[in-house]
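Chain identifiers are assigned alphabetically (A, B, ...) following the order of the sequence lines, protein sequences preceding nucleic acid strands; residue numbering begins at 1 within each chain.
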Amino acid sequence: MPTDATDATSAPRIPAKPTIDGVEATWVDAWEDERTYRFDDSAPRERVFSIDTPPPTVSGSLHMGSVFGYVQTDALARYRRMTGWELFYPMGWDDNGLPTERRVQTYFGVRCDPSLPYDPDFQPPDEPGKDDIPISRPNFIALCHQLTAEDELTFEALWRRLGLSVDWTRGYATIDDRSRRASQRMFLRNLSRHEAYSSEAPTLWDVDYQTAVAQAEMEDRERPGAYHRLRFDDLEIETTRPELVAACVALVAHPDDERFSARFGDTVRTPLFGVEVPIVAHELADPEKGTGIAMICTFGDVTDVVWWRELALPTRSIVTRSGRIAETPPPGVPDGPAWQAIAGTTVKAAQRTMVELLTASGDLIGEPRPITHPVKFYERGDRPLEIVTSRQWFIRNGGRDEPLRRELLQRGREVRWHPPYMHVRFDNWVNGLNGDWLVSRQRYFGVPVPVWYPVGRDGEADHGAPIVPEESRLPIDPTTDVPDGYEAAQRGQPGGFTGDPDVMDTWATSSLTPQIACGWEDDPALFAATFPMDLRPQGPEIIRTWLFSTVLRSHFEHHTLPWRDTSINGWILDPDRKKMSKSKGNVITPMPLVEEFGSDAVRYWACNGRPGTDTALDTGIMKIGRRLAIKILNASKFALGRLGDGPAPGVDLVSEPLDRALLAKLAAVVTAATTAFEEFDYARALEGTETFFWSFCDDYVELVKTRAYGGEDDTTPADSARATLALALSVQLRLLAPFLPFVTEEVWRWWQMGSIHRAPWPTGAEFAEHRTGDPSVLEVAADVLAAVRRAKTTEKRSMRSGVAELTVSGPAATLAAVDAARRDIVDAGGVEALELVEAAEFSVVSRLAQPD
RNA sequence: GGGCGUAUAGCUCAGUUGGUUAGAGCAGCUGGCUUACAACCAGCAGGCCGGGGGUUCGAGUCCCUCUGCGCCCACCA
């Protein structure tokens, strides 16, 4: 507990019964009161270490996977702070986008209808009703803000309790004014430099969410399907999508395929519809698949899009944005009975209908052959993506632009990756891009695309000449705001204007977290002091989205990397070694574990996971962390309890060889931990420190225990032990502080001024070179002590029982080391007589005293 | 179909340029209330380092190959 008044010269104030229970609440409050983690914005850039913290998605529930990475980053941050860096360590919230929309819809029972006007008096019902209440986009967004604000408080409380040393005054949310302003400003600059453009083109479309989807948000899922063999006059093709026969525009085979080369240029008629389609050649056609000749539809899959574009084929789209077949057939397709049978039905129903009709007409050959094949899904969606034609906004990303691709690959090489092999994921992604970044979404709770379009005399919007706002007006909502030079009444009128109805992809804003956090254009001084940032910590699964898009936009705007280093954390696996994810239902929430084991113990578990390495959730590791925290309390109680009432002893009192040996070994631990941290390897730093700490407790403290009690005329040996205990404890507490911030702070405040987390990281200079000695003195003494313990255990005697005669044999150097620690060995082992015998081999013989 | 990672004690994991007898914790077993700590302490036992081949005086470590697991990517005929 913190003392009410601290005096540097007074004796340590040690609780009679130290405990780690309740330390979180005490120090969370104290750190807030003392502004321990507050960023000093007067610090020059060369002293600032800035961290581009991942903004968590607040509408999801927290799980241990989140805790894992954030704690590891916090350990790195704490190390940097102690080595003298001024930490710029903000926390943002990712609250824009679909997850929030879904939650608001179900929580309040509303749905967004952008055609409605804003209602300033709208209040959501106490309980969601049977039917969703349609509300305007501004009203809907207000509810999103309201709910995310509540979620964010829950998140912040957990992060604070886990001891994240972020500066909570530097927060942002990806939907707040700053973020929307930055996002819209960057979009407009991309637009002015032709890095952003709009285009009417076939795009992957989620029929449930009613929005376009980017490549980065898609995933393949293995789904059952079936090959249907269909007759096109004398040719046969195989398809998994017979419902798209009406959308067929050609058949395609490989140019070198001799089975079909004579037919290129011919036409055949589609079954049921009788539409004449050409037979064409393209190298993407795979002679091995199906019958070697395939039907091209507009559009069944992304290969169809390639064929359609490169072979300049006509368009016969039949699937609408709602996932149903259109009511009227596309040009050239007869509105006959076949069409009438499928018009307006869902894609699934249309497939059944077509199979029946094709069977009846004899155009379906044999039975459909069941297969399992990968189908593209929106990562949050439940139905396969369709391809529809729509106008969308894109940002160039090198997907169809070789020079830009090379520049971005070069940026990837400039980043320092931790661990280094994560770099290949970046390269794989960039090399696999097959189109520009589709950033527009037909959704509501996001950052609006900040443009309007003039409406011509004919009432049609002119998408080729968007009206852009002055940057000083940002953020804007073009569906409610009016462009300069127009009146509100001209919205949608001939000769007037219309606002772009879309919002941007959530990554279009998240890709700007460095700019948002660092105050780009809003706070030039802060930006100069913090950007480019130093570290981007994140998970491996969003290298293709968050990391890549952040590099891209910084490259366009600043011609630099957004940060120098990136640390990629591993996955959390559940105890059965399955990846933890909500969809699998194996998510474990952190709070119960924090309450059971304590924050330091949970942090210990997280910091045990190697950088980039998948780690199983293991409460056994947390138990060890808890044990370590308690051990720190007790060992500190002992070490500090020996100091007495005098002033804290200095390193110049260290005189005994055993004490100097300890400091020599400790100095090596400091060096190793520092090196590990410099390489972003918190786990190695922890491991070395922890190992040393346990040997410190088990061997060194046991050896000097008696000497440290003092009580002799010559106080030199006792003073040396006390000084060493004090120094070793101070150093070890600081080495452990990044991992166990609560218990180390607790102990630190028993005897030191200020927070341990603002104390200097230990360095070799503290050991005053001449006070360190030969490490073998401690190593040999510990070996002898272990041999004595072994003898007592073998004889099933108490550790307190005496040794009548102890004989140590070995080379002269070993015996000299024993002799240097003679007194401590005798005290710790309860030895009555210690004999040293020179011999080639080291051995220890203990003759135990007779029991009383 | 490509790419990356990974495989070490019953369990969870270390093992940094190749170098004594491969380490730790947990679990197990045997003991001990020892004035810092019984939520503790001491000790013991436990391993063809996934299989096979190669380089080397020497391989858990480097190379090849196979197998299992995880992740990422890929063009749905």
Would you list the protein and nucleotides 14-20 of chain B atom pairs, both N or O, that sit under 3.5 Å from each other?
from   : atom 1 : to      : atom 2 : distance (Å)
A14(B) : O2'    : E687(A) : OE1    : 2.8
A14(B) : O2'    : E687(A) : OE2    : 2.5
G15(B) : OP1    : R684(A) : NH2    : 3.4
U16(B) : O2     : R684(A) : NH1    : 3.4
U16(B) : N3     : R684(A) : NH1    : 2.8

If you restrict it to nitrogen or oxygen atoms, what contacts under 3.5 Å exist between nucleotides 1-5 of chain B and the protein, and what is each distance?
from  : atom 1 : to      : atom 2 : distance (Å)
G3(B) : O2'    : N428(A) : ND2    : 3.3

Could I get a table of every N or O pair under 3.5 Å where one atom is in the protein and the other is in nucleotides 24-31 of chain B?
none

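Nucleotide U35(B) holds its C1' atom 14 Å from the CD1 atom of I14(A), rounded to whole Å. The nearest whole Å value for the distance from the CZ atom in F426(A) to the C1' atom in C73(B) is 15 Å. Rounding to whole angstrom units, CG of residue D614(A) and P of C71(B) are separated by 8 Å. With rounding to whole Å, F638(A) atom CZ is found 7 Å from A36(B) atom C1'. If you take CD1 of I542(A) and C1' of C73(B), they are 17 Å apart, rounded to a whole angstrom. Look at CD on E219(A): it is 15 Å from C1' on C76(B), rounded to the nearest Å. Going from atom NZ of K289(A) over to atom P of A74(B) covers 14 Å, rounded to whole Å. Protein atom CD of E596(A) is 16 Å distant from nucleotide atom P of A39(B), rounded to whole Å.
Listed by chain and residue number, nothing satisfies the ring pair (Phe, Tyr, Trp, His ring centres under 6.0 Å) test with H254(A) (two or more places apart in sequence, or in another chain). Every residue two or more places apart in sequence or in another chain that forms a side-chain hydrogen bond (donor to acceptor under 3.5 Å, both in side chains) with R707(A) is listed here: D659(A), D824(A). Under the rule for a side chain to side chain contact (heavy atoms under 4.5 Å, CB included), the partners of E679(A) that lie at least two apart in sequence or sit in another chain are T675(A).
Using a 4.0 Å heavy-atom distance criterion, C297(A) is classed as making no nucleic acid contact. Using a 4.0 Å heavy-atom criterion, one finds that A676(A) contacts no nucleic acid atom at all. No engagement by D304(A) is indicated, since no non-hydrogen atom pair under 4.0 Å with the nucleic acid exists. Base engagement by L385(A) is indicated by at least one non-hydrogen atom pair under 4.0 Å involving a base atom. If you check every strand for non-hydrogen atoms under 4.0 Å, D698(A) touches sugar and phosphate atoms only. Nucleic acid contact for F597(A): none, since no nucleic acid atom lies under 4.0 Å from a heavy atom of the residue. V252(A) comes within contact range of no nucleotide atom at all, as no heavy-atom separation falls under 4.0 Å. Residue contacts shown for E690(A) are absent, as no nucleic acid heavy atom lies under 4.0 Å away.
Comparing G60(B) with G1(B), their P atoms are spaced 33 Å from each other, to the whole Å. A distance of about 15 Å separates the C1' atoms of U16(B) and G23(B), rounded to the whole Å. Atom name P, nucleotides G43(B) and C64(B): the rounded distance is 44 Å, in whole Å. Of the C1' atoms belonging to G68(B) and G18(B), the separation is 27 Å, rounded to the nearest Å. Taking the C1' atoms as reference points, A38(B) lies 14 Å from G31(B), given to the whole Å. If you take atom C1' in A74(B) and the same atom in C11(B), they sit 37 Å apart, rounded to whole Å. Taking atom P on both A14(B) and U30(B), the two are 32 Å apart, rounded to the nearest angstrom.
Looking only at side-chain heavy atoms (C-beta outward), V268(A) and L251(A) come within less than 4.5 Å of each other. Taking 4.5 Å as the limit, some side-chain heavy atom of R800(A) sits within range of a side-chain heavy atom of S798(A).
Considering only the side chain of N634(A), C37(B) comes nearest among C37(B), C76(B), A74(B). If you check A39(B), A36(B), C72(B) against the side chain of R544(A), the one that comes closest is C72(B). Side-chain proximity of W429(A) to the nucleotides A39(B), A36(B), A74(B) is greatest for A74(B). Nearest to the side-chain atoms of K631(A) among the listed nucleotides A39(B), A42(B), C40(B) stands C40(B).
Residue K376(A) has no polar side-chain atom (N or O) positioned under 4.0 Å from OP1 or OP2 of A74(B). One finds a side-chain N or O of Q215(A) lying less than 4.0 angstrom from the OP1 or OP2 phosphate oxygen of A74(B). The phosphate of C37(B) (OP1 or OP2) has no side-chain N or O of K637(A) nearer than 4.0 angstrom.
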Output field dot_bracket for RNA chain B (Watson-Crick or G-U, both distances under 3.5 Å, | for other-strand pairs) contains (((((((..((((.....[...)))).(((((.......))))).....(((((..]....))))))))))))....
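Every pair tested for salt bridge (Lys or Arg N to Asp or Glu O under 4.0 Å) that includes a residue from residues 422-432 of chain A fails, sequence neighbours excluded, so the list is empty. Applying the salt bridge (Lys or Arg N to Asp or Glu O under 4.0 Å) rule to pairs touching residues 244-253 of chain A yields nothing, sequence neighbours excluded. Residue pairs meeting the salt bridge (Lys or Arg N to Asp or Glu O under 4.0 Å) criterion with at least one member in residues 595-612 of chain A, sequence neighbours excluded, are D74(A)-R603(A), R161(A)-E595(A), R610(A)-E687(A). Note on residues 286-296 of chain A: no pairs pass side-chain hydrogen bond (donor to acceptor under 3.5 Å, both in side chains), not counting sequence neighbours.
Taking the ring centroids of Y682(A) and Y604(A), they lie at or beyond the 6.0 Å cut-off. The six-membered or imidazole ring of W571(A) lies away from that of F68(A), with a centre-to-centre distance of 6.0 Å or more.
The cationic atom of R13(A) (NZ for Lys, CZ for Arg) does not lie both less than 6.0 Å from the six-membered ring centre of W750(A) and within 45° of the ring axis. Judged by a 6.0 Å distance limit and a 45° cone about the ring axis, R626(A) is not positioned over the six-membered ring of F597(A).
Between W748(A) and W751(A), the two ring planes are perpendicular [angle over 60°; tilted spans 30° to 60°].
Between R797(A) and E795(A) there is no salt bridge, since no side-chain nitrogen of the basic residue lies less than 4.0 Å from a carboxylate oxygen of the acidic one.
Position along RNA chain B of the nearest nucleotide to A639(A) versus R790(A) favours A639(A) as the more 5'-ward residue. In terms of position along RNA chain B, the nucleotide closest to K705(A) lies nearer the 5' end than the nucleotide closest to the other residue of the pair M295(A) and K705(A).
Judged by distance alone, with hydrogens and angles left aside, the side-chain atoms of W417(A) form a donor-acceptor pair with the main-chain N or O of G412(A) at under 3.5 Å.
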Sequence neighbours excluded and cut-off under 3.5 Å, please list the side-chain donor-acceptor pairs for residues 630-642 of chain A, or say none.
from    : atom 1 : to      : atom 2 : distance (Å)
N634(A) : ND2    : I630(A) : O      : 3.3
S636(A) : OG     : I632(A) : O      : 2.6
K637(A) : NZ     : A16(A)  : O      : 3.0

